[in-house]
Amino acid sequence: MGFIVLDMTKESSQIRAMEYDASRSVLRVHFQRGGTYEYEGVNPDLIQSLIGADSIGSFFNKHIKNRYRTFRLEHVSGIAGVARTPITF
């Protein structure tokens, strides 16, 4: 299925954009200050709550950050692809 871009009707000082792959339950977050991360195991109900939250950044910090297996994505020069670096916390 692949990633779909999530509609962020509210602006966030932390998060620039989000994508979700429902077939793998993976949330991809692009942060305002740079950096793209993937969070594995995030269920669709939580995604709906996230995009409907009064503060996307606050909801993300409380319910997703440091609660799911996390990978930092980095473009790899010389090849068409990205490296997924596991983040431990």
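Since this is a predicted model, take the numbers as computed values, not measurements.
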Enumerate, atom names and distances included, each donor-acceptor pair closer than 3.5 Å involving a side-chain atom of residues 47-54, sequence neighbours excluded.
| unit_1 | atom_1 | unit_2 | atom_2 | d |
| --- | --- | --- | --- | --- |
| Ser49 | OG | Asp45 | O | 3.3 |

Taking all non-hydrogen atoms of both residues, which atom of [X] and which atom of [Y] are closest, and how far apart?
X     : Y     : answer
Ser23 : Gly2  : OG-N, 4.4 Å
Ile15 : Met8  : O-CE, 3.5 Å
Val29 : Tyr39 : CG2-CE1, 3.8 Å
Ser12 : Gly57 : OG-N, 4.0 Å

| Arg72 side-chain N/O to Glu38 backbone N/O, donor-acceptor pair under 3.5 Å |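 The answer is no, because no donor-acceptor pair under 3.5 Å joins these two groups.
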| message | Side chains of Phe3 and Arg24, heavy atoms from C-beta outward: is any pair under 4.5 Å? | response | yes
| query | Looking at side-chain heavy atoms only, is the closest gap between Gln14 and Asn61 below 4.5 Å? | reply |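 In short, these two side chains touch, coming nearer than 4.5 Å.
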| request: State which residues pass side chain to side chain contact (heavy atoms under 4.5 Å, CB included) with Ser25; sequence neighbours excluded, sorted by chain then number. | output: Tyr20
| remark: ring-ring contact (aromatic ring centres under 6.0 Å, His included) test vs Phe60 passes for just one of Tyr68, Tyr37, Phe31, namely Phe31
| task | Consider only side-chain heavy atoms of I, L, V, M, F, W and Y, link residues closer than 4.5 Å, and tell whether Leu27 and Phe71 are in one cluster. | result |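 Per the 4.5 Å side-chain linkage, Leu27 and Phe71 are not co-clustered.
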| message | Between Glu40 and Arg28, does any NZ, NE, NH1 or NH2 come within less than 4.0 Å of an OD or OE carboxylate oxygen? | response |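 No salt bridge links Arg28 with Glu40.
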| Around Lys10, counting heavy atoms of other residues, nucleotides and ligands shown, do more than 12 lie under 6.0 Å from its NZ? |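 Enclosed: over 12 neighbouring heavy atoms sit under 6.0 Å from NZ of Lys10.
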